[in-house]
Amino acid sequence: RAKILMRDQKSIRQWEQKNLRGLRKELNSETCLCCFSRIANDILMWSHYANYHKGICICFSYKIKKHKDFFGKIYNVKYSENNSLPKFNFYKENFSNFRKKILLTKARHWKYEKECRGIDLDSNVGYRKIPEGVIDSVILGAKFGKWHLKFVKEIKEVYNKNKPLKIYKAKLDHTKYRLVIDKINL
């Protein structure tokens, strides 16, 4: 009888872990979530997320209350050392803890991103209008094309009417494997 119970508990745990991936997708579609990085000069990040250095990096300010309302609560992402999905006891832990745990855990391979996420568990999912003054600066990629300048000028006009928008340009260092970011004037 004890063996049957043990086997059933093991089956339940296997089922739970197997279904975490599906639950993660479902949570992503039902949660107001925005991802950020604490670093702006990582070559791999620019390759992955900015079209091989052709895009831009938007830097946000998180100092004023209305900014905090826009972002939700900011949490650091945790990176799983053994690359396993987070464990969760559906019978003992509350659902809010589960949501945070599943939305804030990634494989250790992504640790270089130094990611944090703004999560609002209480609001409706959807696009939000960025409040004025939240965008602090823009970094143009090392291979940024002039065709994107119109977009940067729109950011400057729409989101930073009363505050100057700082503009930077990334350059590939020719002596080391790194990016150098310099302030420029537009």
Side-chain angles (χ1 to χ4, degrees), residues 24 27-29 31-81 83 100 103-121 123-186:
R24 174 182 249 171
L27 280 174
N28 281 341
S29 69
T31 305
C32 194
L33 175 89
C34 195
C35 303
F36 305 96
S37 175
R38 296 190 184 280
I39 54 171
N41 63 346
D42 187 277
I43 291 174
L44 195 53
M45 294 276 286
W46 279 91
S47 298
H48 284 167
Y49 300 111
N51 194 19
Y52 300 99
H53 303 266
K54 296 177 204 157
I56 65 172
C57 172
I58 300 175
C59 303
F60 293 93
S61 172
Y62 185 69
K63 296 174 185 163
I64 301 169
K65 184 186 179 335
K66 71 176 179 178
H67 299 178
K68 292 177 182 179
D69 292 342
F70 169 73
F71 291 114
K73 185 144 171 56
I74 302 287
Y75 299 92
N76 288 320
V77 169
K78 291 175 179 42
Y79 300 94
S80 173
E81 287 305 317
N83 287 331
K100 284 182 198 166
L103 292 169
L104 294 170
T105 305
K106 290 177 78 170
R108 75 175 176 330
H109 305 295
W110 299 104
K111 198 171 189 171
Y112 75 93
E113 291 182 339
K114 296 182 182 160
E115 186 177 345
C116 54
R117 293 180 173 180
I119 299 176
D120 188 342
L121 300 171
S123 295
N124 293 332
V125 176
Y127 294 101
R128 294 184 179 189
K129 185 177 183 323
I130 299 172
E132 186 180 330
V134 171
I135 297 175
D136 183 61
S137 59
V138 174
I139 303 170
L140 311 177
K143 298 177 183 176
F144 181 81
K146 295 200 189 267
W147 58 89
H148 286 93
L149 283 178
K150 181 181 176 192
F151 177 68
V152 174
K153 287 178 182 174
E154 284 177 20
I155 290 175
K156 201 172 185 176
E157 291 168 14
V158 174
Y159 296 111
N160 286 55
K161 294 175 190 168
N162 300 318
K163 178 182 157 194
L165 181 69
K166 296 173 269 192
I167 310 281
Y168 298 88
K169 178 85 167 87
K171 294 186 297 191
L172 294 166
D173 188 328
H174 296 291
T175 61
K176 296 181 180 179
Y177 296 111
R178 68 180 185 146
L179 285 174
V180 177
I181 298 176
D182 295 321
K183 191 169 184 176
I184 62 168
N185 294 315
L186 276 186

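Any value given below was found using the heavy atoms of this structure, including those in side chains, with hydrogens, waters and symmetry copies removed. Treat the numbers as computed from the prediction; the structure is a model and nothing was measured.
Using modelled atom types and a 3.5 Å distance limit, the side chains of Glu113 and Tyr49 yield a donor-acceptor pair.
Counting heavy atoms from C-beta outward, Lys171 and Leu179 have side chains that stay 4.5 Å or more apart. Taking the side chain as every heavy atom from C-beta outward, Val138 and Cys57 never approach each other to under 4.5 Å. With a 4.5 Å cut-off on side-chain heavy atoms, Phe151 and Ile56 count as touching. The shortest distance between side-chain heavy atoms of Asp136 and Phe60 does not fall below 4.5 Å. Contact annotation: the side chain of Ile119 approaches that of Leu103 to within less than 4.5 Å [non-hydrogen atoms, C-beta and beyond]. Between Glu115 and Phe36 there is no side-chain heavy-atom pair separated by less than 4.5 Å. Side-chain contact between Val180 and Leu172 is absent, with no heavy-atom pair separated by less than 4.5 Å. For the pair Lys106/Ser80, no side-chain contact is recorded, criterion being any heavy-atom separation below 4.5 Å from C-beta on.
Rounding to the nearest 0.5 angstrom, the gap separating the NE2 atom in His48 from the CG atom in Leu44 is 4.0 Å. To the nearest 0.5 Å, atom CG of residue Asn41 and atom CD1 of residue Ile181 are 5.0 Å apart. A distance of 5.0 Å separates CD1 in Ile39 from NZ in Lys114, rounded to the nearest 0.5 Å.
Under the 6.0 Å distance and 45° angle rule, Lys166 does not count as a cation-pi partner of Tyr168.
Listed for the Lys169 side chain is a donor-acceptor partner under 3.5 Å among the backbone atoms of Ala142. Side-chain N or O atoms of Asn51 include none that pairs as donor or acceptor with a backbone N or O of Lys54 at under 3.5 Å.
By the 6.0 Å contact criterion, OH on Tyr75 is enclosed, its count of non-hydrogen atoms from other residues, nucleotides or ligands being greater than 12.
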Evaluate the side chain to side chain contact (heavy atoms under 4.5 Å, CB included) criterion for residues Leu104 and Lys78: first the C-alpha distance (whole Å), next the side-chain angles of each, then the deciding distance (0.1 Å), finally the verdict. CA-CA 6 Å; Leu104 294 170; Lys78 291 175 179 42; 5.7 Å; no
Test log, rule side chain to side chain contact (heavy atoms under 4.5 Å, CB included), inputs Ile167 and Asn185: CA-CA 7 Å; Ile167 310 281; Asn185 294 315; over 6 Å; no
Would Ile135 and Cys59 count as a side chain to side chain contact (heavy atoms under 4.5 Å, CB included) here? Give the steps. CA-CA 6 Å; Ile135 297 175; Cys59 303; over 6 Å; no
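Heavy atoms only, all atoms of each residue included: Ile139 and Trp46 are closest at O-CH2, 3.4 Å.
Taking a cutoff of 4.0 Å between a charged side-chain nitrogen and a carboxylate oxygen, Lys111 and Glu81 qualify as a salt bridge.
Looking at Asn76, Val77, Ile74 one by one, the single match for side-chain contact (heavy atoms from CB on, under 4.5 Å) with Arg117 turns out to be Val77.
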